[in-house]
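Side-chain atoms are counted along with the backbone in the values below, which use heavy atoms only and exclude waters and symmetry mates. As the structure is a computational prediction, the values presented were derived from the model and not from experiment.
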Amino acid sequence: MVDMKEQKFLTVAPFECAWQEEFKFKEAGRGCVAFEAFARNDVTVVFREHVGSQHYHYKTDSSPHYTVILGSHRNRRLKIEVNGKTVVDEEGVGLCSLGTFQSFWISIYDGLICVGEGRYPFQNVVFQWLDSDPIHSVQYVGLSSWDKHVGYRNVNVLPLTQNHISLWKQLDMRAYNEEEENEEGGEAVSDDEKWGLANFLESWELSDVVFMVGKEERPVPAHKIILAAAGNFQFGPADAIQLTEVCYPTFHALLQYIYTGQTTVSASQLSLLKELSLNFEVTPLAKQCEECIERFKLNKRLFDSGQNVEICYLNWQSFHSTMFPCGLPISSGRLKQYFSSADYSDVQIRLEDYGFVFHSHKIIISLWSVPFMK
């Protein structure tokens, strides 16, 4: 049977499948499911047009569907099936981690199936396969098993847009170009002045939280440690935070201010940006928005012109190209506090000879070390 605890933990018995109404793509044929699984083998995820039953099994399904099996053949292979026919049988990829929960994500975009490891979608892709005859109707996600119980938890279904496909292609091409340049030109020329927190603005790299912004629920990745040191962002147990009442340009301006120390908005956006800054307690930005609004009140014609307004944190230009977090609205005191308390930590550094374990943050270390980020 399928056992559910607080709707967050599912135990799927052998040869059964768990379906829930919320396990559904917003757009048929396009979506992503992220989850953690506890299993010895055969973590099985089914994608089909309609919800199945508890005793549904993909082997007897005559309707169009995709099946992705992680740790097939006694945890030795990754399998992908289309309508019950095996199209991928890859050895040593997408295996289960025995004795512990392991994070995976699977996305489908017009027949492009991507499988990745890790808590956050669109990072650590381990396998991709393109269906030449895509099933555009798949919309519901079923969590299944084979001959042993499988535990699932923290299941999140996210929308998938063309932006993500473009992002993957850009990342792949960038890595290829860098390798080609290094081979042709010998030692690569580093440009430390261009490396900084701005490189991680709305980047999936090392992100650990996703905001679903606007009515279209546009996914915007971010980094908890950065946001927590800049304001008061309430992070719940889910990694996806809904901000459907906030328009993307305003939220982008807020993040841009935090990650780069400056932003540019239209005069008509100032009130919305001020309200959003107050909501998340990014106090310097809220104060600067208020100052701009007051100046426009003295010159209404300037406000009506619709001109853009540049907002810089303190004297941003004088701090530009200096060490993190100078020139940014980020509290170094909070960063030290989070380092001591291990809040939002996502990496452990062990000194085995001394028995020390340090809890740190990947993005902070990456700002000091580009090789670590790579």
### Query
Would you call E202 and V220 a side-chain contact if the rule is heavy atoms closer than 4.5 Å?
yes
### Task
Please answer whether the main-chain N or O of V209 pairs with a side-chain N or O of S207 as donor and acceptor at a distance below 3.5 Å.
no
### Query
Passes side-chain contact (heavy atoms from CB on, under 4.5 Å), V141 versus V46? Steps please.
CA-CA 6 Å; V141 181; V46 183; over 6 Å; no
### Check ion pair K79-E81 (N to O, under 4.0 angstrom)
yes
### Task
Tell me whether L285 is reachable from L243 by hopping between hydrophobic residues (I, L, V, M, F, W, Y) whose side-chain heavy atoms are closer than 4.5 Å.
yes
### Query
Rounded to the nearest 0.5 Å, how far does NE2 of H50 lie from NE2 of H65?
14.0 Å
## Note on the structure
Rounded to the nearest 0.5 Å, the CG atom of D110 sits from the CZ atom of R30 at a distance of 4.0 Å
### Query
How long is the span from the CD atom in E290 to the CG atom in L270, to the nearest 0.5 Å?
10.0 Å
### Task
Check step by step if side-chain contact (heavy atoms from CB on, under 4.5 Å) holds for V12 and C17.
CA-CA 6 Å; V12 182; C17 193; 5.6 Å; no
### Query
Is there side-chain contact between E49 and Q139, with heavy atoms separated by less than 4.5 Å?
no
### Query
Got a donor-acceptor contact below 3.5 angstrom from the Y66 side chain to the I113 backbone?
no
### Task
Check whether more than 12 heavy atoms from other residues, nucleotides or ligands sit under 6.0 Å from atom CD of E245, and answer yes or no.
no
### Task
Please answer whether the main-chain N or O of V33 pairs with a side-chain N or O of W105 as donor and acceptor at a distance below 3.5 Å.
no
### Message
Under a 3.5 Å threshold, yes or no: a donor from one side chain and an acceptor from the other, between N308 and E310?
### Response
no
### Query
So with a 6.0 Å cut-off around CD of E27, is the heavy-atom count from everything else above 12?
yes
### Message
Looking at K148, I want to see if its NZ is surrounded by more than 12 non-hydrogen atoms of other residues, nucleotides or ligands under 6.0 Å.
### Response
yes
### Query
According to the interplanar angle, ranging from 0 to 90°, do the rings of F233 and F235 count as parallel (below 30°), tilted (30 to 60°) or perpendicular (above 60°)?
parallel
### Query
Hey, are D89 and R77 close enough for a salt bridge, meaning a charged N less than 4.0 Å from a carboxylate O?
yes
### Query
For F200 and S366, which heavy atoms make the closest approach, and how far apart are they?
CZ-CB, 4.1 Å
### Query
Taking the side chain from S144 and the backbone from E16, do they hold a donor-acceptor pair closer than 3.5 Å?
yes
### Message
Within the 4.5 Å heavy-atom criterion, are I80 and T67 side-chain neighbours or not?
### Response
no
#### Entry: Sub-4.5 Å side-chain heavy-atom contact between T244 and K215
no
#### Entry: For C96 against N75, the heavy-atom pair lying closest together
N-OD1, 2.7 Å
### Task
For F251, enumerate each residue passing the ring-ring contact (aromatic ring centres under 6.0 Å, His included) test, keeping only those at least two apart in sequence or located in another chain.
F211
### Task
Indicate the atoms forming the closest heavy-atom contact of F25 with C32, along with that distance.
CE2-N, 3.6 Å
### Task
Go through the steps to decide whether L10 and L143 satisfy the test side-chain contact (heavy atoms from CB on, under 4.5 Å), and finish with yes or no.
CA-CA 9 Å; L10 308 175; L143 304 176; 3.6 Å; yes
### Query
Can you list the steps and then say if T44 with D42 is a side-chain hydrogen bond (donor to acceptor under 3.5 Å, both in side chains)?
CA-CA 6 Å; T44 305; D42 292 278; 4.9 Å; no
### Task
Kindly work out whether a path of hydrophobic side-chain contacts (I/L/V/M/F/W/Y, heavy atoms less than 4.5 Å apart) joins I311 to L278.
no
### Task
For P64 and N83, work out which heavy atoms get closest and say how close.
CA-OD1, 3.0 Å
### Task
With the side chain counted from C-beta on, respond yes when K274 and I293 share a heavy-atom pair under 4.5 Å apart, and no when they do not.
yes
### Task
Can you measure from OG1 (T250) to CD (Q269) and round to the nearest 0.5 angstrom?
4.5 Å
### Query
Is L70 reachable from V88 through a run of I, L, V, M, F, W or Y residues, each pair having side-chain heavy atoms under 4.5 Å apart?
yes
### Query
Centre of Y140's six-membered ring, under 6.0 Å away, within 45 degrees of the axis: is that where NZ or CZ of R48 sits?
no
### Query
Once you round to the nearest 0.5 Å, how far does CG of L273 lie from SG of C247?
9.5 Å
### Query
To the nearest 0.5 Å, what is the distance between NE2 (H361) and CD1 (I363)?
10.5 Å
### Query
Hey, mind stepping through L227 and I258 against side-chain contact (heavy atoms from CB on, under 4.5 Å) and telling me if it holds?
CA-CA 8 Å; L227 300 184; I258 293 172; 4.1 Å; yes
### Message
Between S103 and F35, is there a side-chain heavy-atom distance shorter than 4.5 Å?
### Response
no
### Message
The test is salt bridge (charged side-chain N to carboxylate O under 4.0 Å, His left out); show your working for D346 and K362 and say whether it passes.
### Response
CA-CA 6 Å; D346 56 0; K362 292 179 182 178; 5.3 Å; no
### Shortest non-hydrogen separation from R334 to A228 and the atoms involved
NH1-O, 2.8 Å
### Summary
What one should report as the nearest heavy-atom pair of A229 and L335 is CB-CD2, 3.7 Å
### Query
Would V93 end up clustered with I106 when hydrophobic side chains under 4.5 Å apart are linked, directly or stepwise?
yes
### Task
Is it possible for you to say whether V282 and L197 belong to one hydrophobic cluster, with membership spreading through side-chain heavy-atom contacts below 4.5 Å?
yes
### Task
Would you mind reporting whether C289 and K287 have side-chain heavy atoms less than 4.5 Å apart?
no
### Task
Check the pair E117, N124 against side-chain hydrogen bond (donor to acceptor under 3.5 Å, both in side chains), reporting the backbone distance first and the verdict last.
CA-CA 6 Å; E117 295 179 349; N124 300 325; over 6 Å; no
### Query
Can the ring centres of W146 and F15 be said to be less than 6.0 Å apart?
yes
### Message
Treating D208 as the side-chain partner and K224 as the backbone partner, does any N or O pair qualify as donor plus acceptor under 3.5 Å?
### Response
yes
### Query
Would H223 and Y344 count as a side-chain hydrogen bond (donor to acceptor under 3.5 Å, both in side chains) if you check the C-alpha gap in whole Å, the side-chain angles of each, and the deciding distance to 0.1 Å?
CA-CA 9 Å; H223 308 81; Y344 313 116; over 6 Å; no
### Query
So do E36 and Y152 actually touch side chain to side chain, heavy atoms under 4.5 Å?
no
### Task
Evaluate whether atom NE2 of H136 has more than 12 neighbouring non-hydrogen atoms of other residues, nucleotides or ligands under 6.0 angstrom away.
yes
